[in-house]
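To keep things clear, I will list the structure first and then write my remarks on it.
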Amino acid sequence: MGNALIFCGIKHCGKSTLGKTAAQQLQRPFYDTDLLMEEKSGTSVRELFKTLGEDEFRRFESALIRELPVGECVISLGGGALLKEENHAPLQKLGTLIWCDISDEIAFERISRNGLPPFLAEASDPFDEFCRRNRSRRETFSRVCQVRFSPSALKTPAENVGDLFELLKTKGILTL
């Protein structure tokens, strides 16, 4: 297994914020797969998902995952990156997968701030659809990720990363 720290979780759980903060504190490069997809496509992830459809979007995401660098870095994955089984082994070879586990209520409130994404906007009950999708994703995160971390909405990103680092130290994953 490699030395990367890889943040996973549902949409708006804090993967990118925690990942950036962890990368800064560890002085490691940071890669956000959503931003990498936007750079490659020249459009937003939301627009890309809408234009390509979910199947083609996931193929694009999987190809990008296979191009991620090996080494000491921090990676933030898109919320559905672990939906494709083919992504599990390459990511586990890169490093430790960290599941950022937050409540559906907090995540839905965050996601709703900028308008609902296409996969929820068309649902008759967007919150129910969000929860339904997250139930199956949680099963995958629980099975695939080596670490489960619940960031506190009451703490700053730096405080949450400090708590995460302590957890990683106790598991022998990180030495500082």
Side-chain angles (χ1 to χ4, degrees), residues 5-25 30-62 64-65 68 74-85 87-88 91 97-145 147-164 167:
L5 297 180
I6 306 164
F7 288 83
C8 313
I10 62 174
K11 188 170 184 59
H12 287 279
C13 69
K15 302 176 297 280
S16 295
T17 301
L18 294 174
K20 271 188 247 180
T21 304
Q24 288 169 345
Q25 290 186 16
F30 175 67
Y31 304 97
D32 184 316
T33 60
D34 283 348
L35 293 177
L36 292 171
M37 288 175 74
E38 288 178 351
E39 287 173 14
K40 279 193 166 215
S41 69
T43 189
S44 72
V45 169
R46 256 185 205 216
E47 191 58 38
L48 193 61
F49 189 94
K50 197 165 132 181
T51 304
L52 296 178
E54 186 165 7
D55 289 342
E56 192 58 36
F57 178 89
R58 296 289 170 219
R59 276 192 281 280
F60 183 39
E61 185 175 49
S62 293
L64 188 133
I65 285 170
L68 288 169
V74 178
I75 300 167
S76 171
L77 298 177
L82 292 182
L83 294 177
K84 290 190 80 82
E85 189 84 26
N87 294 335
H88 298 179
L91 288 166
L97 281 89
I98 302 163
W99 170 22
C100 298
D101 186 20
I102 66 169
S103 74
D104 287 338
E105 292 78 13
I106 290 172
F108 189 78
E109 186 273 321
R110 289 177 182 173
I111 200 173
S112 299
R113 287 181 193 157
N114 295 322
L116 294 174
F119 70 92
L120 293 177
E122 299 164 3
S124 59
D125 183 342
F127 180 69
D128 185 58
E129 176 64 15
F130 184 73
C131 293
R132 185 189 66 72
R133 284 174 175 253
N134 289 342
R135 271 192 299 279
S136 66
R137 289 182 183 192
R138 282 192 166 94
E139 292 169 14
T140 300
F141 297 140
S142 178
R143 181 172 42 82
V144 176
C145 297
V147 176
R148 180 180 180 185
F149 176 70
S150 296
S152 170
L154 303 175
K155 292 184 176 184
T156 67
E159 290 169 329
N160 275 311
V161 167
D163 292 345
L164 173 62
L167 176 62

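The structure displayed is predicted, hence computed values, not measured ones.
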- Is any side-chain heavy atom of R148 closer than 4.5 Å to a side-chain heavy atom of F141? no
- Message: To check you understand the geometry: which heavy-atom pair defines the closest contact between D101 and R138, and what is its length?
- Response: OD1-NE, 3.3 Å
- Message: Checking L97 against L91 for the side-chain contact (heavy atoms from CB on, under 4.5 Å) test, could you report, in this order, the C-alpha distance in whole Å, the side-chain angles of both residues, the deciding distance, and whether it holds?
- Response: CA-CA 8 Å; L97 281 89; L91 288 166; 4.2 Å; yes
- Item | Closest contact, heavy atoms only, R110 versus A153 | NH2-CB, 4.4 Å
- Heavy atoms, side chains only, cut-off 4.5 Å: are L83 and E54 in contact? yes
- Note on the structure: The reported gap from SG in C13 to CZ in F149 (rounded to nearest 0.5 angstrom) is 11.0 Å
- Message: In the structure I gave you, are the side-chain heavy atoms of F130 and I10 within less than 4.5 Å of one another anywhere?
- Response: yes
- Please tell me if the side chains of T51 and T43 come closer than 4.5 Å, counting only heavy atoms from C-beta onward. no
- Non-hydrogen side-chain atoms of P151 and I102 separated by less than 4.5 Å: yes
- Query: Is there side-chain contact between L48 and F60, with heavy atoms separated by less than 4.5 Å?
  - Reply: yes
- Query: Any idea which heavy atoms bring L116 and S112 closest together, and the distance?
  - Reply: CD2-OG, 3.8 Å
- Determine, step by step, whether E139 and R135 satisfy the salt bridge (charged side-chain N to carboxylate O under 4.0 Å, His left out) criterion, reporting the C-alpha distance in whole Å, the side-chain angles of both residues, the deciding distance to 0.1 Å, and the verdict. CA-CA 7 Å; E139 292 169 14; R135 271 192 299 279; over 6 Å; no
- Message: Among residues at least two apart in sequence or on other chains, which ones pass side-chain contact (heavy atoms from CB on, under 4.5 Å) with S62?
- Response: R66, K84, E86, N87
- Note on the structure: Separation between CG (L5) and CG (L18), nearest 0.5 Å, reads 11.5 Å
- Message: Would T140 and S142 count as a side-chain contact (heavy atoms from CB on, under 4.5 Å) here? Give the steps.
- Response: CA-CA 5 Å; T140 300; S142 178; over 6 Å; no
- Message: I need the minimum non-hydrogen distance between Y31 and L68, along with the two atoms involved.
- Response: CB-CD2, 4.4 Å
- Query: Can R58 and L52 be said to form a side-chain contact (heavy atoms from CB on, under 4.5 Å), step by step?
  - Reply: CA-CA 9 Å; R58 296 289 170 219; L52 296 178; over 6 Å; no
- Note on the structure: CD (E109) and CD1 (I106) are apart, to the nearest 0.5 Å, by 8.5 Å
- Query: Would a 4.5 Å heavy-atom cut-off, applied to side chains only, mark I98 and C145 as touching?
  - Reply: no
- Message: Distance check, rounded to the nearest 0.5 Å: S76 atom OG versus F7 atom CZ?
- Response: 8.0 Å
- Task: Compare all side-chain heavy atoms of D32 with those of K15 and state whether any distance is below 4.5 angstrom.
- Result: no
- Minimal non-hydrogen separation, W99 against G9, with atom names: CD1-CA, 4.2 Å
- Task: Output yes when a side-chain donor or acceptor of E159 lies under 3.5 Å from a complementary backbone atom of T156, and no otherwise.
- Result: yes
- Message: Going by the rule side-chain contact (heavy atoms from CB on, under 4.5 Å), which residues pair with V45 if we only count those two or more places apart in sequence or in a different chain?
- Response: D34, E38, F57
- Nearest 0.5 Å, what's the CG-NZ distance between N160 and K155? 6.5 Å
- Query: Roughly how far, to the nearest 0.5 Å, is the CD atom of E122 from the OG atom of S124?
  - Reply: 11.5 Å
- Message: Would H88 and R143 count as a side-chain contact (heavy atoms from CB on, under 4.5 Å) here? Give the steps.
- Response: CA-CA 10 Å; H88 298 179; R143 181 172 42 82; 3.9 Å; yes
- Item | Over all atoms of both residues, closest heavy-atom pair of A107 and H12 | O-CB, 4.1 Å
